[in-house]
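First the structure, in the form of structure tokens, and then the observations on it.
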Amino acid sequence: MKTLVIAKSRLAELAGPHRAAFAVAVAGDTVAAALACPSVARVVVVTGDEIAAETLGRIGALVVDDPQAGLNAALRHGAAHAVRLDARCPVAALQADLPALRASELERVLSAAGEAEESFLPDAAEIGTTFYGVRRGVPFRPRFGGSSRERHLAGGAKELVLDGVASVRRDVDTPADLADAVALGLGPRTRGVVARMRPVAGVTLIDVQATVRSFDPATRSGSVFLDDGTEIPFDAPAFDAGPLRLLRSGQRVNIAMEGDKIVYVTLSTFPLPD
């Protein structure tokens with residue numbers, strides 16, 4: 001994972017002051033989903049960022065320092081650390097920006113990877129790579145960055161062609177990528193940060209679920225908890241914009257946001273307006 005100063009630069013306009021929090025949240029959801037995968041023994045994160053290291057370490061990752069020699073050197077460094085911990089295991093590299101990652105889909109990828117000495121999974125655009133793995137004892141030679149699909153193919157790695165693994169292929173570099181990830185279903189950490197980000201260029205990122213903390217029928221205002229624990233208030237216009245007459249503490253709701261402000265509240269079983 002890059003240092004937060006330079007992470008997700010192409011999302012700077014969309015994320016605004018939340019860019020660093022977004023990068024950490026995405027990596028956190030990626031790590032948590034990977035750790036939930038039955039075939040994953042451990043997750044090693046390579047980063048030179050202290051904030052990211054502390055946060056991802058709390059989730060359960062083993063953190064090693066980035067040698068600052070480029071992405072593939074960092075991945076080789078992490079793989080070598082993993083082999084030192086247990087030389088009996090195969091090793092794989094996974095991009096840190098998979099905010100919709102599902103453990104079940106990663107399990108499918110790992111199962112397929114186990115049938116080849118060296119394999120990779122292309123990203124959703126079929127230009128880059130989100131996953132690269134080798135069997136035990138096979139040299140670890142990742143070729144990430146840019147048109148890495150071609151380089152992995154040229155290097156002899158087997159391309160994994162699988163259905164039902166969209167979350168493992170959906171890395172996020174641009175607002176359009178993030179919109180696709182939203183459609184797949186973001187992890188809870190990323191979802192909480194995205195709720196505070198302003199939509200740009202017609203990309204709507206406001207469909208967020210929350211839990212009612214409080215509601216005052218007299219003022220028709222209250223507050224909700226996002227899934228990351230963030231509390232956000234809503235006023236009477238936001239409540240009146242929806243179809244509801246009453247809310248109670250603990251109810252699950254869908255909220256629409258513009259920037260940091262809730263503009264629409266409805267029950268989680270009701271759709272948001274187009």
Side-chain angles (χ1 to χ4, degrees), residues 1-12 15 19-20 22-35 40 42-57 59 61-85 90-101 106 109-110 113 118-134 138-160 167-174 177-178 181 190:
M1 182 179 178
K2 295 178 181 178
T3 56
L4 298 182
V5 173
I6 60 174
K8 296 300 159 200
S9 58
R10 282 182 282 176
L11 285 163
R19 180 158 65 100
F22 175 78
V24 173
V26 169
D29 283 332
T30 303
V31 167
L35 285 170
V40 174
R42 62 190 59 82
V43 173
V44 177
V45 171
V46 184
T47 185
D49 192 279
E50 293 183 2
I51 295 174
E54 180 181 354
T55 302
L56 301 178
I59 294 172
L62 304 175
V63 181
V64 297
D65 195 36
D66 189 341
Q68 303 296 330
L71 174 58
N72 290 304
L75 294 174
R76 290 193 298 269
H77 181 64
H81 184 77
V83 170
R84 284 194 296 272
L85 293 172
V91 180
L94 192 67
Q95 293 279 34
D97 57 348
L98 303 172
L101 183 63
L106 178 58
V109 172
L110 292 172
E118 182 184 21
S119 61
F120 74 97
L121 185 73
D123 63 10
E126 298 195 343
I127 296 172
T129 303
T130 58
F131 168 94
Y132 167 80
V134 297
V138 175
F140 188 80
R141 301 174 298 173
R143 306 165 186 88
F144 284 82
S147 301
S148 58
R149 177 176 179 260
E150 291 183 3
R151 290 197 300 277
H152 280 119
L153 283 171
K158 177 184 177 182
E159 181 173 18
L160 301 176
S167 74
V168 194
R169 300 182 64 189
R170 182 65 281 166
D171 56 341
V172 171
D173 292 311
T174 68
D177 295 342
L178 183 52
T190 307

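On a predicted model such as this, the values are computed, not experimentally measured, just so you know.
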Return each pair, listed once, that meets salt bridge (Lys or Arg N to Asp or Glu O under 4.0 Å) where at least one residue sits in residues 66-79; pairs must be two or more places apart or across chains.
none

Quick one: closest heavy-atom pair of Thr130 and Phe144, and the distance?
C-CE2, 4.0 Å

Test applied, side chain to side chain contact (heavy atoms under 4.5 Å, CB included); reference residue, Leu121; option that passes from Leu94, Thr129, Leu160, Leu106:
Leu160

Please find the pair of heavy atoms, one from Ala82 and one from Val44, that lie closest to each other, and give the distance.
CB-CG2, 4.3 Å

For the atom pair OG (Ser167) and CG (Leu101), what is the distance rounded to the nearest 0.5 Å?
5.0 Å

Treating Thr47 as the side-chain partner and Ala53 as the backbone partner, does any N or O pair qualify as donor plus acceptor under 3.5 Å?
no

Do Asp177 and Arg170 have side chains that approach each other closer than 4.5 Å (heavy atoms only, starting at C-beta)?
yes

Partner set under salt bridge (Lys or Arg N to Asp or Glu O under 4.0 Å) for Glu54, not counting sequence neighbours:
Arg58

Between Val45 and Ala61 the two heavy atoms that sit nearest each other are CG2-CB, 3.6 Å

Between Phe131 and Ser119, is any pair of side-chain heavy atoms under 4.5 Å apart?
yes

Any side-chain heavy-atom pair of Met1 and Leu56 under 4.5 Å:
yes

Side chains of Val138 and Val91, heavy atoms from C-beta outward: is any pair under 4.5 Å?
no

The salt bridge (Lys or Arg N to Asp or Glu O under 4.0 Å) partners of Asp65 (sequence neighbours excluded) come to none

Scan residues 118-127 for pairs that pass salt bridge (Lys or Arg N to Asp or Glu O under 4.0 Å), counting only residues two or more places apart or in two chains.
Glu118-Arg141, Glu118-Arg143, Glu126-Arg169

Does Glu159 have any salt bridge (Lys or Arg N to Asp or Glu O under 4.0 Å) partners at least two apart in sequence or in another chain, and if so, which?
Arg149

Between Asp173 and Asp171, the two heavy atoms sitting closest are OD2-OD2, 3.9 Å

Tyr132: which residues meet the ring-ring contact (aromatic ring centres under 6.0 Å, His included) condition with it, sequence neighbours left out?
Phe140, His152

Here the pair of heavy atoms bringing Val26 nearest to Pro99 is CG1-CD, 3.8 Å

Going by heavy atoms in the side chains, are Val46 and Leu75 under 4.5 Å from each other?
no

Side-chain heavy-atom pair Leu62, Leu85 within 4.5 angstrom cut-off
yes

Please name the pair of heavy atoms, one in Val43 and one in Ala34, separated by the smallest distance, quoted to 0.1 Å.
CG2-CB, 3.8 Å

